[in-house]
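Input: a single structure, listed below in structure tokens.
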Amino acid sequence: MNKKTIVISLGGSLIVPEEIDWKFVKQFKKVIENGIAKGFRFIIITGGGKTARKYIEAGAKVGDIDSEDKDWIGIHATRLNAHFLRTIFKEHAHPTINKNPYDLESFLKAKESILVAAGYRPGNSTDYIAVLLAKHFDVKKIANLSNIDHVYDKDPRKFADAKKIKEINWSDFQKIVGDTWDPGANVPFDPIASKLAAKEGMEVVILNGKKLGNFQKYLDGEKFSGTIIS
Ligand code: UTP
């Protein structure tokens with residue numbers, strides 16, 4: 001792949017914080033199209049956002065929902081968001097979304113500037129898929145866009161003295177997030193995905209996706225606000 005490729009793990013909380021945030025999506029589209037004009041290629045993995053939680057809550061009122069059911073609803077929410085993105089990027093995006101990071105036949109043949117992927121099977125996260133795809137495409141940079149500005153040394157919602165981290169190595173990051181995956185934990189980057197990213201020598205940046213000017217700076221190689229994990 002000759003173009004400079006960036007893998008983006010796009011948090012569902014940005015696409016569907018409560019309702020669909022089309023204003024965010026519109027701005028995001030502009031930044032990505034700017035990036036394409038500058039020669040970037042993007043592999044975007046979409047999260048699920050509130051859609052999953054709404055279905056899970058509704059389902060629980062009607063019947064029994066176990067954790068695998070919850071995961072599948074989550075997976076389908078990520079897929080809906082993936083279709084949404086590939087639709088709004090129709091001009092630039094590969095027509096099919098990837099739903100299996102171990103079957104990349106269609107992606108590997110693709111010539112388009114945007115490839116969109118979604119959730120696979122229960123017990124995973126889209127962060128992990130982002131790392132798997134980065135590995136297959138030999139990409140070393142992943143941008144994790146969510147609604148947090150930085151990684152903190154402890155949970156900022158619980159501790160008033162939590163400190164912002166600008167740069168951190170994988171082993172220190174793993175001490176903060178632990179090493180097991182808990183779907184409800186809401187960590188900046190999934191611990192299982194972190195393990196693989198560390199092993200592959202990848203750099204993951206944690207950025208607030210709402211501040212798209214900041215993301216633009218990251219793409220332009222300028223100083224940006226966020227956390228670099230490497
Ligand atoms: P994510 O947790 O990756 O998406 O997937 P997200 O929306 O970015 O996360 P938040 O809500 O903004 O923090 C949503 C859910 O879908 C299931 C998991 O239950 C996960 O919590 N999922 C996703 C899987 O089970 N397998 C996958 O491959 C992907």
Side-chain angles (χ1 to χ4, degrees), residues 1-17 20-49 78-101 103-119 126-127 129-147 189 193 197 200 202-226 228 230:
M1 191 168 295
N2 44 18
K3 282 187 181 176
K4 206 162 135 191
T5 305
I6 307 251
V7 170
I8 302 176
S9 179
L10 182 63
S13 54
L14 293 169
I15 311 168
V16 192
I20 307 164
D21 190 351
W22 63 267
K23 285 184 183 157
F24 163 76
V25 176
K26 197 171 174 182
Q27 294 299 320
F28 178 72
K29 183 169 186 266
K30 272 191 203 154
V31 178
I32 294 298
E33 284 175 346
N34 260 334
I36 292 170
K38 288 178 185 159
F40 281 103
R41 195 178 195 217
F42 297 97
I43 302 177
I44 305 173
I45 300 90
T46 50
T78 71
R79 292 177 179 175
L80 179 58
N81 286 336
H83 274 288
F84 175 48
L85 275 216
R86 92 104 218 145
T87 304
I88 61 124
F89 281 119
K90 207 172 350 192
E91 235 182 284
H92 305 285
H94 187 55
T96 52
I97 63 161
N98 180 277
K99 294 179 283 189
N100 179 351
D103 176 6
L104 296 171
E105 210 190 318
S106 169
F107 260 26
L108 288 168
K109 283 191 277 193
K111 299 272 183 285
E112 292 86 354
S113 305
I114 302 177
L115 304 178
V116 184
T126 48
D127 290 344
I129 291 173
V131 178
L132 283 177
L133 292 180
K135 184 175 175 216
H136 284 293
F137 282 88
D138 200 24
V139 173
K140 295 291 180 201
K141 284 179 181 248
I142 299 180
N144 183 81
L145 303 186
S146 69
N147 56 8
F189 202 69
E200 297 297 324
M202 291 174 188
E203 176 199 89
V204 173
V205 298
I206 306 291
L207 294 166
N208 188 333
K210 290 285 264 182
K211 301 176 181 168
L212 283 163
N214 190 44
F215 177 51
Q216 182 77 62
K217 284 187 187 158
Y218 164 74
L219 290 180
D220 292 339
E222 291 171 15
K223 221 174 147 224
F224 64 93
S225 166
I228 304 170
S230 61

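What you are looking at is a predicted structure, and each value in this text was computed from that prediction instead of being measured.
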Indicate yes or no: at least one non-hydrogen side-chain atom of [X] is less than 4.5 angstrom from one of [Y].
{"X": "F84", "Y": "I20", "value": "yes"}
{"X": "V205", "Y": "F215", "value": "no"}
{"X": "I142", "Y": "I6", "value": "no"}
{"X": "L104", "Y": "N98", "value": "yes"}
{"X": "N81", "Y": "V16", "value": "yes"}

Which value, rounded to the nearest 0.5 Å, describes the distance between [X] atom [atom1] and [Y] atom [atom2]?
{"X": "H94", "Y": "S113", "atom1": "NE2", "atom2": "OG", "answer": "12.5 Å"}
{"X": "I114", "Y": "I32", "atom1": "CD1", "atom2": "CD1", "answer": "6.5 Å"}
{"X": "F89", "Y": "F28", "atom1": "CZ", "atom2": "CZ", "answer": "5.0 Å"}
{"X": "I97", "Y": "F107", "atom1": "CD1", "atom2": "CZ", "answer": "8.0 Å"}
{"X": "I15", "Y": "T46", "atom1": "CD1", "atom2": "OG1", "answer": "5.5 Å"}
{"X": "N34", "Y": "D220", "atom1": "CG", "atom2": "CG", "answer": "8.0 Å"}

Pairs satisfying salt bridge (Lys or Arg N to Asp or Glu O under 4.0 Å), at least one member in residues 203-216, at least two apart: D21-K210, K141-E203, D149-K211
Exam field: side chain R86 to backbone T96, donor-acceptor pair closer than 3.5 Å: no
CD/E105: more than 12 non-hydrogen atoms of other groups inside 6.0 Å: no
CG (L212) with more than 12 external heavy atoms under 6.0 Å: yes
Contacts of type side chain to side chain donor-acceptor pair (under 3.5 Å), residue K140, not counting sequence neighbours: none
Derivation of the side-chain contact (heavy atoms from CB on, under 4.5 Å) call for I88 and W22: CA-CA 11 Å; I88 61 124; W22 63 267; over 6 Å; no
